[in-house]
Trainee: 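Quick one: this structure, given as structure tokens, is what I'll be asking you about.
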Amino acid sequence: MSDARDPHEVLEAVRRLEAELAGVRARAVHPLAGEIDRLREALAEDAATERRRMVEDLDTVLALVGDSWRSTRAQLDAMRQELAVTRAELSALRGAMEGATVEVRFAGAGHRANGESPQARPTWPATASG
């Protein structure tokens with residue numbers, strides 16, 4: 001380095017130091033580096049497995065919800081059809097009842113509804129009084 005005040009020279013020196021530092025770091029091996037890498041890989045595999053399981057579980061839940069929705073929809077459609085049939089029957093009944101009349105006959109105390117008189121019915125045997 002010829003002049004420490006020249007920015008180009010300073011920048012060049014910094015670059016050389018960074019290159020040397022990178023070389024030292026590359027040569028320096030941490031004693032647990034292999035174990036740390038294996039742990040990282042195991043964690044990554046576990047996370048991927050959990051994500052797959054979660055997606056499978058969500059697929060199952062989605063399938064259940066879809067089946068439930070389709071079943072409920074089918075039940076509602078069946079109920080709507082039954083309701084339509086009931087409405088049609090009720091409408092037919094109303095139409096039939098519009099001209100209908102109801103006749104009520106009251107019988108007197110001495111007559112039964114079937115026309116028999118009370119004396120015609122059998123009586124229980126009288127008990128002897130003493």
Side-chain angles (χ1 to χ4, degrees):
M1 194 153 99
S2 57
D3 187 8
R5 289 176 284 182
D6 183 18
H8 295 316
E9 291 288 328
V10 173
L11 182 61
E12 202 51 47
V14 168
R15 286 185 181 155
R16 278 193 309 271
L17 287 173
E18 285 178 347
E20 288 176 22
L21 181 60
V24 169
R25 283 183 181 159
R27 288 187 304 269
V29 177
H30 193 279
L32 297 177
E35 185 65 25
I36 290 173
D37 289 341
R38 280 191 294 278
L39 285 174
R40 283 184 183 144
E41 289 174 11
L43 286 173
E45 288 175 15
D46 286 349
T49 300
E50 289 302 315
R51 283 191 299 272
R52 277 192 302 274
R53 287 181 182 164
M54 188 183 314
V55 167
E56 290 169 359
D57 290 347
L58 287 174
D59 284 342
T60 302
V61 168
L62 185 60
L64 288 173
V65 168
D67 290 346
S68 174
W69 176 254
R70 283 186 287 282
S71 172
T72 302
R73 179 93 179 196
Q75 289 174 356
L76 285 173
D77 289 343
M79 289 177 74
R80 284 185 189 110
Q81 290 173 352
E82 289 178 22
L83 184 59
V85 168
T86 303
R87 282 183 181 154
E89 290 174 352
L90 183 59
S91 178
L93 255 163
R94 281 187 182 146
M97 295 300 294
E98 280 182 11
T101 58
V102 176
E103 183 178 326
V104 179
R105 294 184 186 183
F106 296 101
H111 294 87
R112 290 179 161 257
N114 62 2
E116 294 179 1
S117 66
Q119 289 78 16
R121 86 179 159 157
T123 58
W124 292 101
T127 57
S129 55

Trainee: Residues two or more places apart in sequence or in another chain: which of them pass side-chain contact (heavy atoms from CB on, under 4.5 Å) with R70?
Mentor: D67
Trainee: Transitive ILVMFWY cluster of V85 at side-chain heavy atoms under 4.5 Å: who else is in it?
Mentor: none
Trainee: Test of understanding: clusters of I, L, V, M, F, W, Y form through side-chain heavy atoms closer than 4.5 Å, transitively. Do L93 and V102 belong to the same one?
Mentor: no
Trainee: Of D57, V61, V55, which is the lone residue that meets side-chain contact (heavy atoms from CB on, under 4.5 Å) with D59?
Mentor: V55
Trainee: Side chains of R15 and L11: closer than 4.5 Å at any heavy-atom pair?
Mentor: yes
Trainee: List, by chain and then residue number, the residues other than L62 in its hydrophobic cluster (Ile/Leu/Val/Met/Phe/Trp/Tyr, side-chain heavy atoms under 4.5 Å); write none if there are no others.
Mentor: none
Trainee: Name each donor-acceptor pair under 3.5 Å that joins a side chain in residues 33-41 to protein atoms two or more places apart or in another chain, with its distance.
Mentor:
unit_1, atom_1, unit_2, atom_2, d
E35, OE1, R38, NH2, 2.9

Trainee: Taking only residues at least two apart or on different chains, which pairs with a member in residues 78-100 satisfy side-chain hydrogen bond (donor to acceptor under 3.5 Å, both in side chains)?
Mentor: D77-R80
Trainee: Could you list the donor-acceptor pairs under 3.5 angstrom formed by side chains in residues 44-51, with sequence neighbours left out?
Mentor:
unit_1, atom_1, unit_2, atom_2, d
T49, OG1, E45, O, 2.9
T49, OG1, R52, NH2, 3.2
E50, OE2, R53, NH1, 3.3

Trainee: Under 4.5 Å side-chain heavy-atom separation, chaining through any Ile, Leu, Val, Met, Phe, Trp or Tyr, what else clusters with L43? Say none if it is isolated.
Mentor: none
Trainee: Other members of the hydrophobic cluster containing L83, with the 4.5 Å side-chain heavy-atom rule, please.
Mentor: none
Trainee: With sequence neighbours excluded, tell me which residues meet side-chain contact (heavy atoms from CB on, under 4.5 Å) with T72.
Mentor: S68, L76
